[in-house]
Amino acid sequence: MESPVAFVLILTTIAFADVRSQSIYASENPLPVGSNVTLYSTTPVTTGAWLFNNSLIVLIFPGNPAILSDRVTYNSSTSSLTLMSLKVDDSGEYALQDVAFRAKLMLSVQVPISNVTLWAKATDLVEFNDTAVLMCSVSSGSSLSFEWLKGNSTVTAGEDVHFSNGNATLTINNVTRNYQGPFRCNVSNGISHEISPPVHLNISYGPSNPMMMVTPMKDTYKTGSNITLTCSAKSSPPAMIQWMANGVYLDHYGAELHLKNVTEENSGDYKCVFHNTVTSRFSSANASIWVLDPLTAVVVKNIGGPAILNKPFTLQCEVTGTANTVKWWRNGQPVYADNTTVLDKNNKTLTLNPVQLSDNGYYKCQACNPVSNMTSSPYTLEVNHGPQMPTITGPKVAKTGDNVTLWCYAASYPPSHYKWYYNGSLVSNMSEYTTPPLLKEMSLKYMCMAFNNVTGKNSTAYTMLTVVDPIENVQVKAPGNLAEEGYPYNLTCDVTGPADHIYWMKNGEPLHEDNGTVFYMDNKTVCFTALEPDDTGYYKCMAANALGNMTSPPYKLLVNFGPETPMVYGPAFAETGRYAIFNCSAMSVPPSHYTWWFNGSMVANTSMLTVGPLSFNMTGEYTCMAHNNVTGKNSTKSTMLTVIEAIDSVTVRGNTIPINHKNFTLTCDVVGPYDMIYWMKDGMKLHMNDTTTNHSSYTYYHAEENMLLFTPVTVYNSGTYQCVATNQAGLHKSAPFKLLVNYGPLSVKITGPYLAELGSLDVSLTCSADSWPECHFYWFFNNQSNPLQNGSVLTFPVTKENEGKYICKARNPVTNITMYQSTTFAISYSKSAIHFSSQSLMFMGLFAVSASVLFN
Ligand SMILES: *[C@@H]1O[C@H](CO)[C@@H](O)[C@H](O)[C@H]1NC(C)=O
Ligand SMILES: *[C@@H]1O[C@H](CO)[C@@H](O)[C@H](O)[C@H]1NC(C)=O
Ligand SMILES: *[C@@H]1O[C@H](CO)[C@@H](O)[C@H](O)[C@H]1NC(C)=O
Ligand SMILES: *[C@@H]1O[C@H](CO)[C@@H](O)[C@H](O)[C@H]1NC(C)=O
Ligand SMILES: *[C@@H]1O[C@H](CO)[C@@H](O)[C@H](O)[C@H]1NC(C)=O
Ligand SMILES: *[C@@H]1O[C@H](CO)[C@@H](O)[C@H](O)[C@H]1NC(C)=O
Ligand SMILES: *[C@@H]1O[C@H](CO)[C@@H](O)[C@H](O)[C@H]1NC(C)=O
Ligand SMILES: *[C@@H]1O[C@H](CO)[C@@H](O)[C@H](O)[C@H]1NC(C)=O
Ligand SMILES: *[C@@H]1O[C@H](CO)[C@@H](O)[C@H](O)[C@H]1NC(C)=O
Ligand SMILES: *[C@@H]1O[C@H](CO)[C@@H](O)[C@H](O)[C@H]1NC(C)=O
Ligand SMILES: *[C@@H]1O[C@H](CO)[C@@H](O)[C@H](O)[C@H]1NC(C)=O
Ligand SMILES: *[C@@H]1O[C@H](CO)[C@@H](O)[C@H](O)[C@H]1NC(C)=O
């Protein structure tokens, strides 16, 4: 066997010749002392060595490897190395050396940590004075690292916090209350860790944050209130508290001070003093209390005499207690200082200078302090004033013999005393005075005097009274002669009594002077220079004086005139055998008498003239004459009458039966000469050759000579026709001709049931048709050629034999048009299966009919 040393030399010379991918790893790393570890290679090595800190442990070559330690085993097949009963010294670099490479790893063997203890140099500390020192140690363990915990958070180094002794010692300079802990230290290495039991530091601090709380919280307290003062501060151990009031120590200790049923003497500055006996430190907190008595009375007083208009007037507010503010109210509204309202510095005196009537009202004064608010009862101010110039009421004019009452009133407060004087003598010492009976035609002067005994003023007024007689009668007088158009005429107003003015009225309206109407003698006479018809009317005159007026009864003035040219009414043409009537009228007062003249003879002596029965020789001029027997005047008017031959009759006749869509003619027969004829339908004139829309169908009329042609006639032509013949004397209408156009049948309908239960009542089928005149109806059964029955209604019993088809034949006897309709009738057997109401049976019957129409 060759020397391993020589082999190692060989190996080292070739050590780094090849760098293939090769590594080693440990079964566990780091590890505790006493344990076993195996180091593996990723590829087996046939020639090489295991090295520890560059010292040979195993020499590898094919055959028997050389193992140089008794705590080592080597596995040739995997090239792995197992180290047993490890020691701390086995920590280091392990390498596997091949001819071509060297793979390395660092192995760490550690002692497990046990018995971690924490120790403080001192635990009772004073905030801001002391330094805290904490030390952490273990009974056993290697490769230690320390972590410090306060509560659950890690302590980090800072201004006042330092670590030393490989982090095993913690120093806190100038401790604060935040460093009470609990402190623990967490010691660890690669294989184990352990946390120490906690250590608490007892840090004394304070008193700090001193505070005083007052309940209830107020600026000012009312006498009798209860107040609680509460003090607090942060301090460890808790601070002792002693109370002071206004700088004097009270024999009171503890957090609370109760002030009960306070008086104004309890006002002042309150202080509590805190003392921490451990830190030997003091602090204090304070608060001010202000106690006030509430107001007990507020009264408004008048000082300096009564209120006299335009003089100064003063009110005072008397307050019992301390008032901060005083306010005045008038009639519920605040009073403010202005030009005439003066308030003193503290508002206690209100001066109205000068006082006005507008100052009247209820005055209140309100006083407030922080704990009360009081308002006086109202003071009523009524300003004394007046009297002003009196007002005298009563008549200005009176009748002889009357007693007149006069009233005097002057605005004044308090109310004035009154006196009446006549001719310098006192006649009454009241506001009212009634005269003795008055003498005729006097003008009397009365004086009233008013006196106010508070203001000491008086005032006087006069009134004049006139005594007159009343107007007793007024009449309109007219001269004896008749009033006639064109002649002058006078009306006179006849007055009994003294009249100052006369007025005229015609038909209720004032009468004014104009060209033909003139007033004379102070309006006593109205003169018409030449009467006109429209001067007719009702005239009244009114007489007036200071006492009143009187109006005459109406006088009717009737102006006679006329006749003017008459108006004549009557025909210009008239037919032989008839009568002509003429009327005549002419404007005239009084009404005229009338006469009628023909061919130089008088034919009537009334306004109406009837001529006839007429013959051709009655043609000519008829004259009406009107005569007024007051004015003696006549007036005439003539009219011309022409007698023509008469139309004797006008009749309408139809030549054939009118059938829808066939031609038809109406003929107008006139007996006598005529100028023209025309046609009317339903009272309206027909326009010929004119297509008009009527009932959504076209009707067309055409007249030839005396005939009206319908080509053809339709139902829309039905109606009442008249023919009108005219001549110069007028119209002749025929009697109405009723045209009823025959048509149809247009449709045929069967109603009745199509189904019935065996044994039920007889069944009826009814046939109807749209037609004029009414159709004749025939019923057939199941194609039999002979009719079953004539007439629109067919009734038969409900039997099996009557089941089948029913046919109705409808024939219009005038148009000769025939139409058919059919229905089937069946018997229903199941009594309970179907139940139809009569309405639904009817409906089904109708349905059957329409179905059969489709079949036909
Ligand atoms: C280490 O290995 C030896 C030999 O195989 C054994 O006797 C011992 O119990 C092992 N130790 C541990 C801690 O496994
Ligand atoms: C733990 O350590 C303390 C001081 O270092 C020592 O007094 C004590 O005996 C130890 N306890 C154990 C179980 O090692
Ligand atoms: C301790 O801390 C307080 C406030 O942080 C500071 O005012 C005081 O000067 C400090 N004292 C010392 C000795 O550092
Ligand atoms: C705190 O320190 C100050 C001066 O640093 C000292 O006067 C005082 O007595 C100390 N307080 C305590 C409670 O030790
Ligand atoms: C600290 O952690 C423990 C355990 O995780 C937990 O029970 C505890 O509530 C935590 N304390 C705080 C203050 O978070
Ligand atoms: C102390 O702890 C810090 C982290 O808190 C870490 O960065 C530092 O390495 C530690 N020092 C020692 C000596 O373990
Ligand atoms: C003050 O307290 C007393 C009893 O404690 C009570 O009778 C009285 O009504 C209280 N006064 C007020 C104003 O609440
Ligand atoms: C409150 O004090 C007044 C005198 O200041 C006394 O008359 C009254 O009875 C007291 N009320 C209560 C409830 O103590
Ligand atoms: C006086 O009265 C006026 C108007 O009412 C008011 O605004 C003012 O506050 C009052 N002053 C005092 C001292 O009461
Ligand atoms: C107050 O007097 C001044 C000047 O004398 C005048 O202009 C003003 O209108 C007066 N105001 C009232 C409310 O009378
Ligand atoms: C005084 O009392 C009345 C009614 O009680 C109230 O409307 C008014 O606001 C109070 N005034 C003050 C100043 O408290
Ligand atoms: C009028 O007055 C006189 C006395 O003054 C009296 O006698 C007479 O009755 C009065 N007449 C009437 C109608 O009042």
Side-chain angles (χ1 to χ4, degrees), residues 30 91 108 110-111 113 116 118 132-138 141-173 179 183-196 216 220-228 245 257-268 289-296 320-322 371-372 394-395 397-407 420-423 425-430 432-440 442 444 446 465 467-470 547:
S91 302
S108 175
Q110 298 178 353
V111 180
I113 294 165
V116 176
L118 180 59
V133 179
L134 294 166
M135 285 166 287
C136 188
S137 61
V138 298
S142 62
S143 307
L144 301 177
S145 66
F146 294 87
E147 184 198 20
W148 287 89
L149 298 170
K150 182 165 79 80
N152 278 1
S153 48
T154 304
V155 180
T156 53
E159 198 184 335
D160 291 327
V161 178
H162 304 285
F163 298 108
S164 56
N165 191 22
N167 290 350
T169 301
L170 167 65
T171 306
I172 305 166
N173 293 323
Y179 287 107
F183 287 96
R184 291 177 297 168
C185 72
N186 178 8
V187 187
S188 56
N189 60 16
I191 55 162
S192 64
H193 74 97
E194 194 177 317
I195 297 179
S196 72
T220 312
Y221 296 85
K222 195 175 187 166
T223 308
S225 306
N226 297 333
I227 307 168
T228 301
L257 176 62
H258 295 284
L259 301 176
K260 287 201 174 149
N261 193 15
V262 293
T263 63
E264 286 187 356
E265 280 78 58
N266 291 113
S267 299
I289 301 289
W290 182 241
V291 181
L292 200 61
D293 287 338
L295 301 173
T296 52
T320 312
T322 311
V371 298
S372 65
V397 183
K399 269 195 301 204
T400 314
D402 276 1
N403 293 6
V404 164
T405 302
L406 301 170
W407 290 269
W420 281 96
Y421 294 91
Y422 174 62
N423 263 353
S425 314
L426 177 69
V427 291
S428 169
N429 53 11
M430 291 191 300
E432 181 185 322
Y433 169 56
T434 302
T435 65
L438 296 168
L439 300 177
K440 194 174 153 86
M442 294 165 85
L444 308 170
Y446 293 92
L465 185 60
V467 184
V468 289
D469 280 336
L547 262 185

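Order of listing sets the numbers, starting from 1, for every ligand and every atom in it.
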Point to revise | Ring center gap for Y446 and Y421 short of 6.0 angstrom | key: no
Point to revise | Heavy-atom protein neighbour under 4.0 angstrom from atom 4 (C) of ligand 8 | key: no
Practice item. Note the single closest protein heavy atom to atom 11 (N) of ligand 6, along with its residue, its atom name and the distance in Å. Key: N167 ND2, 3.1 Å
Study note, to complete from the structure: Closest non-hydrogen atoms of G321 and L295, given as atom of the first, atom of the second and distance, are C-CD2, 3.6 Å
**Study point:** Reported CZ-to-NZ distance for the pair R184 and K150, which is rounded to 0.5 angstrom
**Key:** 12.5 Å
Point to revise | Heavy-atom protein neighbour under 4.0 angstrom from atom 7 (O) of ligand 8 | key: no
Revision key, fill the gap. Of all protein heavy atoms, the one nearest atom 13 (C) of ligand 6 is G166 CA, 3.8 Å
Revision key, fill the gap. Restricting to heavy atoms, the pick from T223, T263, N261 nearest atom 2 (O) of ligand 8 would be N261
Point to revise | Those atoms of ligand 12 less than 4.0 Å from some heavy atom in P436 | key: 5 (O)
Review point. For residues S188 and S145, is any side-chain donor paired with an opposing acceptor at under 3.5 Å?
Key: yes
Review point. Can you find an N/O atom of T435 closer than 3.5 Å to an N/O atom of ligand 12?
Key: no
Exercise for review: Identify, by atom number and element, the atoms of ligand 12 in contact range of N403, meaning under 4.0 Å from any of its heavy atoms.
Suggested key: 1 (C), 2 (O), 3 (C), 8 (C), 10 (C), 11 (N), 12 (C), 14 (O)
Check your understanding: Between T228 and H258, does any side-chain donor sit less than 3.5 Å from a side-chain acceptor?
Key -> yes
Review point. Does any N or O in the side chain of T435 come within less than 3.5 Å of the main-chain N or O of V404, such that one atom is a donor and the other an acceptor?
Key: yes
